[in-house]
*Asks:* 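The structure that follows is given in the form of structure tokens.
We count residues from 1, following the sequence as given.
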Amino acid sequence: MLAGIGGLTLAGALAACGGNTGRGGAGGDVRAWFHQYGEQGASAALARYASQFPGGGVRVDSFPGDFDQKISSALVSGDGPDVFEFGNGPTIDMIAAGQVADLTDLLGDARSDFTPALLDRMTYKGRVYGIPQVTDMQLLVYRKSMLDQAGVVPPRTLDELVSAARALNRGTVKGLFLGNNGGADVLGGVLLWSSGHDYLTADRRPGFVDEEVAAGLRTMRALFTSGDLLLGAPQDWSDPGAFIAGQTAMQWTGLWSLPAIRAALGDDFGVKPFPAIGPNGGTSVPFGAYGAAVNAHGDVERAKKFVQWLWVQRTDLQLDWAQSYGLHVPARRSLVPQATKLATGLYNEAADLVNTVGHPQTPLLWTPRSSTTYRDALDRVIRSGADPMTELRAVATVVEKELERFPN
């Protein structure tokens with residue numbers, strides 16, 4: 001979810017470090033890998049949590065760059081960590097290949113306390129393979145003063161978003177920032193949901209080959225070529241730097257960015273979901289969670305104990321993780337009322353979008369190959385002007401073949 005900088009490696013609770021080979025098991029630490037979080041203090045917090053683990057011997061490493069690819073390659077090579085986080089839990093390919101351990105027994109009575117949509121996304125054939133760490137969501141932020149000066153109301157439809165971006169474009173201040181790829185790599189879900197469609201239908205068929213989706217993509221292409229988008233920003237969409245610096249009047253970003261925006265701009269901003277597309281659409285936001293997984297070929301027992309201790313038993317640390325480093329919604333429903341930062345005002349309004357117009361980021365059977373194919377197709381449409389229906393049909397062919405690998 002977040003782009004990171006630097007190459008910080010953190011070690012926590014390095015018990016039994018003499019003769020440590022870097023692998024878990026006898027004489028070595030349990031290795032826990034995380035992507036490099038952008039929020040200040042996040043990486044240090046993970047190391048601090050590990051240092052408190054009663055069993056000791058947990059080494060925490062944080063990595064910038066393409067973390068998903070790093071994990072996937074490490075699992076295949078046999079040099080993977082014992083514990084790792086993965087966006088929305090491990091992939092269906094990891095599960096089917098036996099690369100991740102069954103974590104069902106870690107939940108106990110707490111299973112019903114986790115947000116159902118998050119836990120369902122990490123569950124296959126009734127077995128749980130990931131423990132949700134926190135709920136994240138994406139949303140549109142806008143600068144109230146800039147919209148007021150331009151006589152623009154917060155957009156409710158995609159056409160209004162395009163018009164608002166044009167009215168707010170002041171040359172040095174662009175109207176809208178959707179990421180440096182014009183939204184091609186981040187808006188795949190909302191372009192479907194906001195037009196009344198989805199990745200897959202209830203009977204497990206591609207749900208996106210439709211003219212309403214294609215029309216939305218044509219609008220996105222026109223927006224990309226309009227000159228009203230901010231492109232080439234120093235940080236990408238997940239970082240609020242461009243919005244805070246006044247380089248754009250509106251930006252697609254995440255709930256985690258709101259504390260930094262408020263610290264810089266006070267109350268001069270508002271939040272909205274992605275606008276509706278076409279007559280059958282509605283507003284939408286994606287939500288998901290990094291899920292803690294255990295390498296089935298690592299130090300499984302010690303790794304499972306650490307995951308259970310941190311993400312099931314230690315609700316105080318889970319609440320700290322949700323509120324103290326950016327802003328997130330706790331993955332446990334019983335903790336949401338205790339999340340004081342979400343209780344009132346704009347933060348509450350933003351977090352409530354999960355309940356009102358939220359959609360799980362992708363279904364479990366949306367494989368990495370399907371995801372890459374779809375993202376590449378959107379890139380060709382939005383940035384290069386390819387025909388939307390031609391691209392969507394080609395994606396559907398790939399998705400159908402992927403689904404054949406996982407029969408009912």
Side-chain angles (χ1 to χ4, degrees), residues 1-2 10 12-13 30 32-56 58 60 62 82-90 103-123 128-137 254-259 287-294 302-343 347-348 350-352 354-355 358 360-361:
M1 299 285 288
L2 292 177
L10 298 166
V30 170
W33 284 11
F34 298 85
H35 80 287
Q36 183 67 62
Y37 283 86
E39 299 99 321
Q40 184 175 3
S43 295
L46 292 168
R48 187 177 72 254
Y49 299 159
S51 73
Q52 298 176 31
F53 178 51
V58 177
V60 172
S62 299
D82 303 289
V83 176
F84 64 93
E85 66 176 4
F86 209 80
N88 299 306
L103 306 183
T104 309
D105 62 325
L106 304 188
L107 295 172
D109 294 340
R111 181 166 183 166
S112 61
D113 192 31
F114 283 88
T115 302
L118 295 179
L119 198 59
D120 288 349
R121 176 60 175 77
M122 303 181 192
T123 302
V128 178
Y129 292 92
I131 307 296
Q133 298 173 175
V134 77
T135 308
D136 272 315
M137 58 168 290
L255 179 67
W256 57 85
S257 296
L258 299 193
F287 67 85
Y290 272 98
V294 169
R302 285 205 296 158
K304 288 175 67 173
K305 287 179 180 177
F306 174 67
V307 168
Q308 183 180 45
W309 173 82
L310 180 55
W311 301 117
V312 180
Q313 297 172 350
R314 289 298 300 269
T315 54
D316 58 329
L317 298 183
Q318 295 160 34
L319 196 59
D320 177 69
W321 184 240
Q323 295 193 100
S324 300
Y325 317 98
L327 184 66
H328 317 269
V329 180
R332 304 278 289 275
R333 291 183 289 183
S334 65
L335 297 183
V336 175
Q338 301 177 47
T340 55
K341 287 188 178 180
L342 298 174
Y347 291 169
N348 181 261
D352 193 52
V354 171
N355 301 315
Q361 198 162 20

*Asks:* Tell me the closest heavy-atom pair linking L255 and A350, and the distance in Å.
*Replies:*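 Taking every non-hydrogen atom into account, CD1-CB, 3.8 Å.
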
*Asks:* For residues V312 and Q318, report the shortest heavy-atom separation together with the two atoms involved.
*Replies:* N-NE2, 3.4 Å

*Asks:* Enter the distance from F53:CZ to L317:CG here, rounded to the nearest 0.5 Å.
*Replies:* 12.5 Å

*Asks:* If we ignore hydrogens and angles and just use 3.5 Å, is the side chain of Q308 paired with the main-chain N or O of L106 as donor and acceptor?
*Replies:* yes

*Asks:* Per the side chain to side chain donor-acceptor pair (under 3.5 Å) rule, which among Q36, H35, R48 passes with S43?
*Replies:* Q36

*Asks:* Report yes if the side chains of W309 and Q52 come closer than 4.5 Å at any heavy-atom pair, otherwise no.
*Replies:*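 They are in contact (side-chain heavy atoms under 4.5 Å apart), so the answer is yes.
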
*Asks:* Suppose we call two aromatic rings close when their centres sit under 6.0 Å apart. Are W321 and Y37 close by that rule?
*Replies:*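 Distance test on ring centres: under 6.0 Å, yes.
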
*Asks:* Would you compute the distance between atom CE of M122 and atom CZ of F86 and round it to the nearest 0.5 angstrom?
*Replies:*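 Separation between the atoms: 11.5 Å.
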
*Asks:* Could you tell me whether the side chain of T135 and the main chain of A289 form a donor-acceptor pair under 3.5 Å?
*Replies:* no

*Asks:* Check whether any side-chain heavy atom of T115 lies under 4.5 Å from a side-chain heavy atom of P330, and answer yes or no.
*Replies:* no

*Asks:* In Å, rounded to the nearest 0.5 Å, how long is the span from CG of L118 to CG of N88?
*Replies:* 8.0 Å

*Asks:* Under the side chain to side chain contact (heavy atoms under 4.5 Å, CB included) rule, collect the residues that match up with A293, sequence neighbours excluded.
*Replies:* F84, P90, V100

*Asks:* Does the pair T123 and R111 meet the rule for a side chain to side chain contact (heavy atoms under 4.5 Å, CB included), with working shown?
*Replies:* CA-CA 12 Å; T123 302; R111 181 166 183 166; 4.1 Å; yes

*Asks:* With no hydrogens and no angle check, just 3.5 Å: does a side-chain donor-acceptor pair link Y290 and D136?
*Replies:* no

*Asks:* Can Q323 and H328 be counted as having a side-chain donor-acceptor contact under 3.5 angstrom?
*Replies:* no

*Asks:* Do the side chains of R314 and D320 get close enough for a salt bridge, i.e. N-O under 4.0 angstrom?
*Replies:*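 Not counted as a salt bridge, because no side-chain N and carboxylate O are separated by less than 4.0 Å.
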
*Asks:* Counting C-beta onward and ignoring hydrogens, is there a side-chain heavy-atom pair between W33 and E85 closer than 4.5 Å?
*Replies:*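 No. Closest side-chain heavy atoms not under 4.5 Å.
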
*Asks:* Quick check: closest heavy atoms across P132 and G130, and the distance to 0.1 Å?
*Replies:*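 Residues P132 and G130, closest heavy atoms: CD-O, 3.7 Å.
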
*Asks:* Distance-only, no hydrogens or angles: does the T104 side chain make a donor-acceptor pair with backbone N or O of V128 under 3.5 Å?
*Replies:* yes

*Asks:* Kindly write out the residues that satisfy side chain to side chain donor-acceptor pair (under 3.5 Å) with K304, not counting sequence neighbours, or none if the list is empty.
*Replies:* D105

*Asks:* Can you measure from OH (Y325) to CG (L46) and round to the nearest 0.5 angstrom?
*Replies:* 8.5 Å

*Asks:* Taking side chain to side chain donor-acceptor pair (under 3.5 Å) as the definition, give me every residue that meets it alongside Y347, ordered by chain and number, with sequence neighbours left out.
*Replies:*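 Once residues adjacent in sequence are excluded, Y347 has no partner under the side chain to side chain donor-acceptor pair (under 3.5 Å) criterion.
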
*Asks:* Quick one: OG on S324 to CD on E39, what's the gap to the nearest 0.5 Å?
*Replies:*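 Answer rounded to 0.5 Å: 11.0 Å.
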
*Asks:* Partners of D352 by salt bridge (Lys or Arg N to Asp or Glu O under 4.0 Å), sequence neighbours excluded?
*Replies:* none

*Asks:* Sorted by first residue and then second, give each salt bridge (Lys or Arg N to Asp or Glu O under 4.0 Å) pair with at least one member in residues 331-342; sequence neighbours left out.
*Replies:* D113-R332

*Asks:* Mind checking side chain to side chain donor-acceptor pair (under 3.5 Å) for Y129 and listing every partner two or more places apart, or none if nothing turns up?
*Replies:* none

*Asks:* Is D82 reaching over with its side chain to a backbone N or O of V30, donor-acceptor style, under 3.5 angstrom?
*Replies:*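 No, D82 side chain to V30 backbone: no donor-acceptor pair under 3.5 Å.
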
*Asks:* Can you measure from CD1 (I131) to CG (L310) and round to the nearest 0.5 angstrom?
*Replies:*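 Between I131 CD1 and L310 CG, I get 11.0 Å after rounding to 0.5 Å.
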
*Asks:* If you compare all heavy atoms of L335 against all heavy atoms of L319, which two are closest, and at what distance to 0.1 Å?
*Replies:*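 That closest heavy-atom pairing would be O-CD1, 3.7 Å.
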
